[in-house]
Structures are given as C-alpha cells and as structure tokens.
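Below: one structure, written as structure tokens.
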Amino acid sequence: MIKITFPDGSVREYNEGVTGLQIAESISSRLAQDVLACGVNGETIDLSRPINEDANFVLYKWEDEQGKHAFWHTSAHLLAEALQELYPGIQFGIGPAIENGFYYDVDSGEATIKDSDLPVIEAKMAELAAKKETLVRESIAKEDALKKFGGRGETYKCELISELEDGRITTYTQGAFTDLCRGPHLVSTAPIKAIKLLSVAGAYWRGQEDRKQMTRIYGITFPKKKMLDEYLAMLEEAKKRDHRKIGKEMDLFMFTDMVGKGLPMWLPKGTALRIRLQDFLRRIQARYDYQEVMCPPIGNKNLYITSGHYAKYGKDSFQPIHTPEEGEEYFLKPMNCPHHCMIYKNSPRSYKDLPLRIAEFGTVCRYEQSGELHGLTRVRSFTQDDAHLFCRPDQVKEEFLRVMDIINIVFKSMNFENVEAQISLRDKVNREKYIGSDENWEKAEQAIIEACEEKGLTAKIEYGEAAFYGPKLDFMVKDAIGRRWQLGTIQVDYNLPERFQLEYMGSDNQKHRPVMIHRAPFGSMERFVAVLIEHTAGKFPLWLTPEQVVILPIADKFNDYAEQVKAELRKYDIRAIVDGRNEKIGRKIRDNEMKRIPYLLIVGEKEAVNGEVSVRRQGEGDKGTMKIEEFGKNIAEEVSNMINKW
C-alpha cells in the first residue's frame, strides 16, 4: 500500500501502481469524467501512469493550467496525426502546448500547407478525436528510438533523440501516429470536442535562421463548442484592440526596416505619453527614496563576462563592437544591472548607507529572432524602468515588501484590477543552468515566499522558471478581455554581488556582501504601453492620454474663437488641439471619436458670444454647455484627483 496526500492534507491509502484516474474514480465518478491530468510530488503526469510510492497528489481539471496544458499537448499530437494521414511523407519537428492552444512545426516536403487548407485538417482532427483513441506511453532505449524514427525518415526527431540520454526516452502513440514526447497527455482524445486551426506561419527549425524554414500550424481546442465560440469572439475583439493598429491610428510609434526590424521609434504623441508614465513612476520612487542614474548604452565585454550575462546571452546578443584598439570589444547593453553594480562599487559603503536604491530608465538591446518580433511586445531595443536595491541581508524582506507596494500602486493607477502573482524558483532537478550556491538560492527563495505570505498575496509557485541568477516574483495582469500579460517583476539576487565582489563595512567593522534586488514595475516601457493600449482600446486615463480635448468649430469663421479656447485651456495645463478642417461638424465628431480623444468641445456663434463651449464626453455624448473657465477647472480637478490618488 502507498499513502496519497491530497491538497487539503487528508491522506488515503491505495495499492501500489494505482493511477490518477483510479484515484479520481474512488472519490467521484463525475470527478473522474472532468479530470485531465494529475500532479505527483510536483510533477504533472498522465492520469493513466501508475504511482508506485507515497506521494503528494493533486487532480487537474480544465480550470487548471496543468489541465489545459495536457489537453492542448494532446491536441498537438492530434494535429500531427491528421497531417500524417493527409500528407504522406510529412516530417515532424516539435509540437508543444502554449499559453493559448498549441502549434506543430512540420516539413511538408513538396506540398505547401496554406490557410485555405486548415478547414480540411480540422475536419480530419475531429474525425480522429471522435474515435476516442487511447494515448499509450512507452519508454524505449535511445538506440531503439533512433531505429524507429530513422526507419521512417524522421530526420528532425532523430536529431532531437541524438541529444537525449539513454534510458529517459519516451514515446506516445495514438492510432497510427507515434511521437517522441515526455508528456503529459490526456488518457484519450475523447475530451477534444471543439477544434479551430488559427493560422499558418514560417518558423526556422529550432529557431536558428541558418536552418530549414518549417511550416508552423497554430490551433486551439476546447471540451465544449461554447468555449470555442467565446474564445473566437475574444480574438475578434483582440483584433480591434491590436496595439499595432491603434498605435498607428493615434500616431504613437512607428517601425521601418530602414532603421531596423524590432527597433521602435516613438512619435511626438507617443513620446509625451511615455514621458508622463516615467514621471508618474519618478514621483512614486521619490517617496521611497530612490536615486536616479544614467548609464551608457554599451559596455566592455569584460563587464558582461564578470556578470555572467555573456556566458548566458552572448550568442543571443548583437555582435560585438570591435574598436581600433587591439583586442578591445564592446557590446550593446543587454542588461542594466552590471552597470549599476559598478556604480555601487564606485564608493566605499557602510551598513549605515544601506539600502541604496538606484533607478534608471535604461535602454537595452537584445537580438531577438526576426520571426519572434511582434509590435512593441517583442522588440530588439527597449527601455526598462529598472532599479536595483543593495541592502543588508536583514533588510531584504522589508525592501521586497516596499517594492510590492510600488507595483501595486502602478497596477491600480492603470485600472489593472485582476492581478496574479507567480513565484519562480529553480528547477528541482536540473541545477546546471543556474549560478550561485544552494545556500544563497535557498535564502532568496525563502525571502520571497515570506514576503508574499506577509502581504496576504496568493502566489503560484513554478519550479524551473527562475532567472539564471536568482528567484523572482512575477506579476501577471488580466486585461479588459481576459488575456494574461506578464508585466512587473521583482528578483532577489545573492549572485551578482558575489561576482562583482561588492562589499559594505558592517557594524562589527568587518566586510560583508550586500544582497541585490532587481525591480521593474512596468517591465519595459514598450511592452507596458502595448498592454495598456490593448487593455484600454486606446482610451487612456485622462491624465495620461496624448490629447485630452479637441475643439471643433462648426464653421471656418469660428476657428479664431477655437484657438482662443485652446489658449485658455493651456492655462490649466490641458492638452488641447483644434480641428479646423472645412468639414461638417458631424464628420469632425466621428473622426475625433475614432482618435479616442476624451473631450470634444463644439463651438459656434452662441458659444463665441457667451465665452462658452458645448461639451461632449467620449462614449457618453452631450454634457451640456459651460463657461471655458468652468470647463478648465473641472478637467484640471479631474486630472489632479487621478494623479494625487496614488
């Protein structure tokens, strides 16, 4: 017998070899119908796999990310099975589950798979799913795996197998399709009821531009058609909110290949918006005793060798800059933290000087693959609202809590009400990809967990998601249409102070090593603005929006009065423009509503005579007529209340 411990702490005994599905059935037949996967000692596995030892156990349904992951991972195999039937000789790369759905990279040989082919593939997937095919897991030797996939001419799979260790290779088979895979998967294809293939794209094999370009097919599936219908409706709304589309309509930013792919340029309105965001954070930081610094956009190669960034990211950086001096190399700055370590090291530090809080709106550059670039959310040059706090070990939790307060202010001020947190810790098994001692990692991880408990913040723990130099707390926000975005982050770091030999003189007159906390509430200005655009559909808070008021004269002869109104509003620091086009007033109203300007002021003869404006509020219609001074005071007060609230 083995002991199974459930999330509520209760314990039941089962025969050795019991499966997750059998455990679910022992609780409730209805529960057994709903579960998709299970967790055993922190690992998500198939419901059909035997459990042979005492375990902490949890069941995952559709509502759980682990459940969705197994559902969509199986759906990726279902897609591959359909493709195998429809395109004989097709070769398969990888087919993972992603945040929303799945994809599969394939080499279709002479055939070309287009968007117009997707309905046929969908139909074949539905036909196969209806057969309720069981997924069978098998563990095989590396040599046998190479023979099996090599005999079918699966060169991509053989490349992956050749890099694996013998004895740890597993395959999954459903129907006539067998795939190299670690899992987890559903017990069968039966739960897959609604299928939609979304798009076809190109993707280089293993993300390397010098390798074969494969065909990537994206899709999503659900256990109910109603869920799919709701998701597709959300996608349509997302298209309307696309920050690339709205950013162009509002003249916020631009891209051009003449400057370079993934290199955004901020236009005047976008620049003004970004500066207001930065000034907003500066005001908050001032209350928490931050000092702002500025660092150069490049750094000596040795700086990044010392920090460990060169070993970790060197291949993904822009190529080094070679100077006329023999052997001298520089890199475009990929991170701000090494520079800030050198600022700390510039002066002797005492325990009385700590914590030292250094902040910078620092622009960094990373060479993202061209296929990964996407508007402002994935770029090659971006500005982080970066800060690094250097403190004593006894100050770590307090400083961490203060940073959590700042991030909370930022999110609330932007009306991000639905916020989730994730504690990202080291992988439980693979420790090779991290730097630093086990002792330092354990200290850092414990500090984050305790801070969350003290704040009463429910945070999900994810193993294997930490930065290479330390654990972190990531904040995910849900936007107005329910999509999750990762924004703010806090990271505890015992490693960079060690690598840079940072010190302070303690009260015992001995030298000690400070602890470093990395912090970025916005994450990056580019990504934050993109998310904010899509969250608000471009209808920014009044204090932030590029243009707060547009004045619409009903005829050319009232243009001068419109300019007078604009000048009066400037006294209240109101950002106003005049639409003096020779167009009918109805057209002007429609056009400026599209520009998402909060207030529209209509002026004609009556208004000019009385020193008034006729007010319309974006999305709310006519608000009546009032004196210019009254309107100016009202808007100034509305903006002041918004800003001073935080």
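Position 1 is the first residue of the sequence; numbering continues from there.
- The backbone N or O of Ala421 lies less than 3.5 Å from no partner atom in the side chain of Lys460, so there is not a single donor-acceptor pair.
- The side-chain heavy atoms of Glu630 and Asn634, taken from C-beta on, include a pair separated by under 4.5 Å.
- Cation-pi geometry between Arg513 and Tyr494 is not met at under 6.0 angstrom from the ring centre and within 45 degrees of the axis.
- The main-chain N or O of Met234 is never found under 3.5 Å from a side-chain atom of Arg483 such that the two would form a donor-acceptor pair.
- The backbone N or O of Tyr599 sits nowhere less than 3.5 Å from a side-chain atom of Arg617 that would complete a donor-acceptor pair.
- Looking at heavy atoms from C-beta onward, Val364 lies out of side-chain contact with Ser381 at the 4.5 angstrom threshold.
- Atom-to-atom distance recorded for Cys452:SG and Ile490:CD1 is 8.0 Å, nearest 0.5 angstrom.
- No option in Phe528, Phe522, Trp543 other than Trp543 meets the ring-ring contact (aromatic ring centres under 6.0 Å, His included) test with Phe280.
- The pair Lys571-Glu568 meets the salt-bridge criterion, with a side-chain N (NZ, NE, NH1 or NH2) lying under 4.0 Å from an Asp/Glu carboxylate O.
- Between Lys301 and Tyr310, some side-chain heavy-atom pair lies under the 4.5 Å cut-off.
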Item to check | Asp279 and Arg282: CA distance, side-chain angles, deciding distance, salt bridge (Lys or Arg N to Asp or Glu O under 4.0 Å) verdict | outcome: CA-CA 5 Å; Asp279 287 345; Arg282 282 189 174 105; 3.2 Å; yes
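- The shortest side-chain heavy-atom distance between Asp479 and Thr536 does not fall under the 4.5 Å cut-off.
- A donor-acceptor pair under 3.5 Å is formed between the side chain of Thr271 and the backbone N or O of Trp266.
- Distance alone, capped at 3.5 Å, places no donor-acceptor pair between the Gln548 side chain and the Thr545 backbone.
- In this structure, Phe331 CZ and Asn302 CG are separated by 10.5 Å, a value rounded to the nearest 0.5 Å.
- To the nearest 0.5 Å, the span separating CD on Gln491 from CZ on Arg519 amounts to 12.0 Å.
- The neighbour count for Lys245 NZ, taken as heavy atoms of other residues, nucleotides or ligands under 6.0 Å away, is above 12.
- Ion pairing of Lys633 with Glu637 is absent here, as no side-chain N (NZ or NE/NH1/NH2) approaches a carboxylate O to less than 4.0 Å.
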Checklist entry - Can you check side-chain contact (heavy atoms from CB on, under 4.5 Å) on Val549 and Leu569, steps first, answer last? => result CA-CA 9 Å; Val549 174; Leu569 295 180; 4.1 Å; yes
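- A donor-acceptor pair under 3.5 Å is absent between the side-chain atoms of His388 and the main chain of Ile358, judged by distance alone.
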Next on the checklist: Between Arg431 and Asp438, does the side-chain contact (heavy atoms from CB on, under 4.5 Å) criterion hold? Intermediate values first, please.
Outcome noted: CA-CA 9 Å; Arg431 300 293 173 87; Asp438 287 341; 4.0 Å; yes
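- Closest approach of Gln395 and Leu354 over heavy atoms only: NE2-O, 3.2 Å.
- Of the possible donor and acceptor atoms, one in the side chain of Arg575 sits under 3.5 Å from a partner among the backbone N and O of Pro546.
- A salt bridge between Arg392 and Glu503 is absent, with no side-chain N of the basic residue lying under 4.0 Å from a carboxylate O of the acidic one.
- Partner of Leu303 under the side-chain contact (heavy atoms from CB on, under 4.5 Å) criterion, out of Met335, His339, Lys333: His339 alone.
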Checklist entry - Where do Lys269 and Leu273 land on the side-chain contact (heavy atoms from CB on, under 4.5 Å) test, with the steps shown first? => result CA-CA 6 Å; Lys269 293 177 186 177; Leu273 180 146; over 6 Å; no
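- Atom-to-atom distance recorded for Asn418:CG and His535:NE2 is 9.5 Å, nearest 0.5 angstrom.
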Next on the checklist: Arg378 vs Glu372, test: salt bridge (Lys or Arg N to Asp or Glu O under 4.0 Å). Steps then yes/no.
Outcome noted: CA-CA 7 Å; Arg378 197 72 179 265; Glu372 300 290 329; 3.7 Å; yes
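- Within the 3.5 Å criterion, the main-chain N or O of Lys345 finds no donor-acceptor partner in the side chain of Arg349.
- A side-chain donor-acceptor contact under 3.5 Å links Arg274 and Thr383.
- In summary, the side chains of Gln422 and Ser424 do present a donor paired with an acceptor at a separation below 3.5 Å, with no hydrogens or angles considered.
- Aromatic pair Tyr351/His512: centroids not less than 6.0 angstrom apart.
- Atom CE of Met594 has 12 or fewer heavy atoms from other residues, nucleotides or ligands within 6.0 Å.
- Annotation: side chain of Val550 is not in contact with side chain of Leu601 (no heavy-atom distance under 4.5 Å).
- A salt bridge does not link Glu534 with Lys239: every distance from a Lys NZ or Arg NE/NH1/NH2 to an Asp or Glu carboxylate oxygen is 4.0 Å or more.
- Taken to the nearest 0.5 Å, the SG atom of Cys337 stands 6.5 Å off from the CG atom of Asp386.
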Checklist entry - Between Met626 and Glu612, is a side-chain contact (heavy atoms from CB on, under 4.5 Å) present by the stated rule, with each step listed? => result CA-CA 5 Å; Met626 63 182 69; Glu612 295 175 336; over 6 Å; no
Item to check | Verdict with reasoning, Phe631 to Tyr572, per ring-ring contact (aromatic ring centres under 6.0 Å, His included) | outcome: CA-CA 10 Å; Phe631 176 79; Tyr572 299 94; 9.3 Å; no
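- Taking the charged nitrogens against the carboxylate oxygens, Lys472 and Glu465 have no contact shorter than 4.0 Å, which rules out a salt bridge.
- Taking the six-membered ring where tryptophan is involved, the planes of His243 and Phe253 are tilted, since the angle between them lies from 30° to 60°.
- Counting only heavy atoms from C-beta outward, the side chains of Tyr344 and His340 never approach each other to under 4.5 Å.
- With salt bridges taken as basic N to acidic carboxylate O contacts below 4.0 Å, one links Arg357 and Glu399.
- For Ala467 against Tyr434, the heavy-atom pair with the smallest separation is O-CD2, 3.7 Å.
- A donor-acceptor contact shorter than 3.5 Å links the side chain of Glu445 to the backbone of Arg426.
- When Arg244, Lys240, Arg596, Lys595 are each tested for a salt bridge (charged side-chain N to carboxylate O under 4.0 Å, His left out) with Glu249, only one passes: Arg596.
- When the shell of 6.0 Å around CD of Glu629 is examined, it contains 12 or fewer heavy atoms from other residues, nucleotides or ligands.
- Between the CZ atom in Arg287 and the CG atom in Asp405 there is a gap of 10.5 Å [rounded to 0.5 Å].
- Between the side chains of Tyr304 and Glu329, not a single donor N or O lies within less than 3.5 Å of an accepting N or O.
- The shortest side-chain heavy-atom distance between Ile574 and Val639 does not fall under the 4.5 Å cut-off.
- A donor-acceptor pair under 3.5 Å links the side-chain atoms of Asp353 to the main chain of Ser350, judged by distance alone.
- For Tyr504 and Phe390, the distance between ring centers is not under 6.0 angstrom.
- In this structure, a donor-acceptor pair under 3.5 Å is absent between the side chains of Gln278 and Asp385.
- Donor-acceptor pairing under 3.5 Å is lacking for the side chains of Glu328 and His322.
- With a 6.0 Å radius and a threshold of 12 heavy atoms from other residues, nucleotides or ligands, Lys627 has its NZ atom above the threshold.
- Residues His518 and Asp493 bring a donor and an acceptor atom of their side chains to less than 3.5 Å of each other.
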